[in-house]
Amino acid sequence: QVQLVESGGGSVQAGGSLRLSCAASEYIYSSKCMAWFRQAPGKEREKVATIYSNVINYITYYADSVKGRFTISRDNAKNTVYLQMNTLKPEDTAMYYCAADRGAYCPRAASEYDYWGQGTQVTVSS
């Protein structure tokens, strides 16, 4: 079955940490590009981080708003992508989605990604 399943969301106070997990079916996990997006009520879906697998290593991208606080990683043994979120802020509150694309690069727009999970809610209180 082709799927992405997120977990790890919850409610934390500002300054706290959470680790999101995205368990992927083997087919999807073989995608070169895995990504995390988020969407707050009334706002557009925002790309948070991507991890691209090439022959030699992984190439990561982070939105400016999370750079230095969030880390994306892959665990090939578990077909899982993680998003470690530290020093959380109230503005990080959103539904977080895992996405994958089987193309040759990480797409810029959310609409271009092939697969999506159902999302996990992150709420950060001040």
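For this chain, numbers begin at 1 and follow the sequence in order.
Partners of Arg102 according to the salt bridge (charged side-chain N to carboxylate O under 4.0 Å, His left out) rule, which considers only residues two or more places apart in sequence or in another chain, do not exist here. Remark: Glu91 pairs with no residue by the side chain to side chain donor-acceptor pair (under 3.5 Å) rule, at least two apart or across chains. For Ser7, the side chain to side chain contact (heavy atoms under 4.5 Å, CB included) criterion is met by Ser21, not counting sequence neighbours. When the side chain to side chain contact (heavy atoms under 4.5 Å, CB included) test is applied to Thr123, the partners found at least two apart in sequence or on another chain are Ser11, Thr93, Gln121. Under the side chain to side chain donor-acceptor pair (under 3.5 Å) criterion, Ser53 pairs with Arg74, not counting sequence neighbours. Residues that satisfy the side chain to side chain donor-acceptor pair (under 3.5 Å) test with Arg19, not counting sequence neighbours, are absent from this structure.
Minimum interatomic distance between Ser126 and Ala14 (heavy atoms only, all atoms of both residues): CA-CB, 4.3 Å. Minimum interatomic distance between Ala49 and Leu83 (heavy atoms only, all atoms of both residues): CB-CD1, 4.2 Å. Residue Thr50 comes nearest to Cys33 through the heavy atom pair CB-SG, 4.5 Å, listed as atom of the first residue, atom of the second, then distance. The two residues Ala40 and Ala94 make their nearest non-hydrogen contact at N-CB, 3.9 Å. Considering every non-hydrogen atom in both Arg69 and Thr87, the closest pair reads NH1-O, 2.9 Å. Nearest heavy-atom pair across Pro107 and Asp101 is CG-CG, 3.5 Å.
Using modelled atom types and a 3.5 Å distance limit, the side chains of Ser17 and Asn86 yield a donor-acceptor pair.
Residue Val5 shares its hydrophobic cluster (ILVMFWY side chains chained together at separations under 4.5 Å) with no other residue.
Residue pairs meeting the salt bridge (charged side-chain N to carboxylate O under 4.0 Å, His left out) criterion with at least one partner in residues 44-61, sequence neighbours excluded, are Arg38-Glu46. Identified under the disulfide (SG to SG under 2.5 Å) test for residues 63-102, with sequence neighbours left out: Cys22-Cys98. For residues 28-69, the ring-ring contact (aromatic ring centres under 6.0 Å, His included) pairs, not counting sequence neighbours, are Phe37-Tyr113, Phe37-Trp116. Among pairs with a residue in residues 107-123, none fulfils salt bridge (charged side-chain N to carboxylate O under 4.0 Å, His left out), at least two apart in sequence or across chains. Applying the ring-ring contact (aromatic ring centres under 6.0 Å, His included) test to every pair with at least one member in residues 71-100, sequence neighbours left out, gives no pairs at all.
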Note to self: Set out, in order, the CA-CA distance, both residues' side-chain angles and the distance that settles side chain to side chain contact (heavy atoms under 4.5 Å, CB included) for Leu20 and Glu6, then state yes or no.
What the structure shows: CA-CA 7 Å; Leu20 306 183; Glu6 302 98 332; over 6 Å; no

Check: Could you walk me through whether Val81 and Ile72 pass the side chain to side chain contact (heavy atoms under 4.5 Å, CB included) check?
Finding: CA-CA 7 Å; Val81 179; Ile72 189 171; 4.0 Å; yes

Check: side chain to side chain contact (heavy atoms under 4.5 Å, CB included) between Val122 and Val12: does it pass, once the steps are laid out?
Finding: CA-CA 8 Å; Val122 171; Val12 295; 5.5 Å; no

Next item on the list: Assess whether side chain to side chain contact (heavy atoms under 4.5 Å, CB included) is satisfied between Leu88 and Phe70, documenting all intermediate values.
Entry: CA-CA 9 Å; Leu88 283 161; Phe70 291 10; 3.9 Å; yes

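Within the 3.5 Å criterion, the main-chain N or O of Ala24 finds no donor-acceptor partner in the side chain of Gln3. A donor-acceptor contact shorter than 3.5 Å links the side chain of Gln39 to the backbone of Lys43.
Here the CG-CG distance, from Asn79 to Leu4, works out to 10.5 Å after rounding to the nearest 0.5 Å. Taking CD1 of Ile51 as the reference point, atom CE of Met34 lies at 9.5 Å (rounded to 0.5 Å).
Salt bridge Asp92/Lys89: absent, no basic N to carboxylate O contact under 4.0 Å.
The shortest side-chain heavy-atom distance between Asn54 and Asn57 falls under the 4.5 Å cut-off.
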